[in-house]
Amino acid sequence: DYSAATNTGDYSAATNTGYRSAATNTGDYSAATNTGDYSAAKVSGKDSVAIVTGRNSKAAGALGDWIVLTERGDWNGKAYPIKEVKAFKVDGEKIKADTFYKLENGEAVEAEDE
């Protein structure tokens, strides 16, 4: 929890599973993944991917990168079930570069700082 995984190498991965944690990667063709609730993943290398699967998590990327966002439902007694997963290309128009997004009602929305 409250931890960070950071990587700067090309073709590499930074992965984190902690609550309110961060995974960042600056290498080209790389990935940053985070499964913790209220967490973040960010990439800034060429052709990279930032993936978040935790509840209320956010992702950001540089122009040309991809972000993968997960929306979760309400607690069902065992888990917060996945409602939807969507991928978005950071095109500078619909999805801005270096801006965190989360998935709400199936749409990418800018995430507020918490």
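One is the number of the first residue; the rest follow in order along the sequence. No experiment lies behind these values; they were computed from the predicted model shown.
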How long is the straight-line distance from [atom2] of [Y] back to [atom1] of [X], given to the nearest 0.5 Å?
X    : Y   : atom1 : atom2 : value
D10  : T26 : CG    : OG1   : 8.5 Å
L103 : N56 : CG    : CG    : 11.0 Å
R72  : T53 : CZ    : OG1   : 5.5 Å
T6   : K42 : OG1   : NZ    : 11.5 Å

Task: Pairs where residues 48-79 contributes a residue and the test ring-ring contact (aromatic ring centres under 6.0 Å, His included) is met, not counting sequence neighbours - done: W75-Y80

TODO: Kindly work out whether a path of hydrophobic side-chain contacts (I/L/V/M/F/W/Y, heavy atoms less than 4.5 Å apart) joins I51 to V85.
DONE: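 Linked within one cluster.
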
Taking all non-hydrogen atoms of both residues into account, name the closest pair between [X] and [Y] and its distance.
X   : Y   : value
S39 : G18 : OG-O, 2.9 Å
A50 : A60 : CB-O, 3.6 Å
L69 : A59 : CD2-CB, 3.7 Å
A41 : A32 : CB-O, 3.6 Å
D74 : P81 : O-CD, 3.2 Å
S48 : G27 : OG-O, 3.1 Å

Report yes if the side chains of [X] and [Y] come closer than 4.5 Å at any heavy-atom pair, otherwise no.
X    : Y   : answer
N105 : E71 : yes
V90  : I67 : yes
T70  : S57 : no
N16  : S3  : yes

- [ ] Evaluate side chain to side chain contact (heavy atoms under 4.5 Å, CB included) for N25 paired with S12, printing each intermediate quantity in order.
- [x] CA-CA 8 Å; N25 203 320; S12 57; 3.4 Å; yes

Open item on the list: Can you pull out every side chain to side chain donor-acceptor pair (under 3.5 Å) where at least one residue sits in residues 87-101? Sequence neighbours excluded, please.
Closed with: K96-E110

Open item on the list: Donor-acceptor pair, distance only, cut-off 3.5 Å: does the side chain of D65 make one with the backbone of V49?
Closed with: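 Judged by distance alone, no pair lies under 3.5 Å.
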
Open item on the list: Please verify the inter-ring angle class for Y19 with Y38; under 30° counts as parallel, over 60° as perpendicular, anything in between as tilted.
Closed with: perpendicular

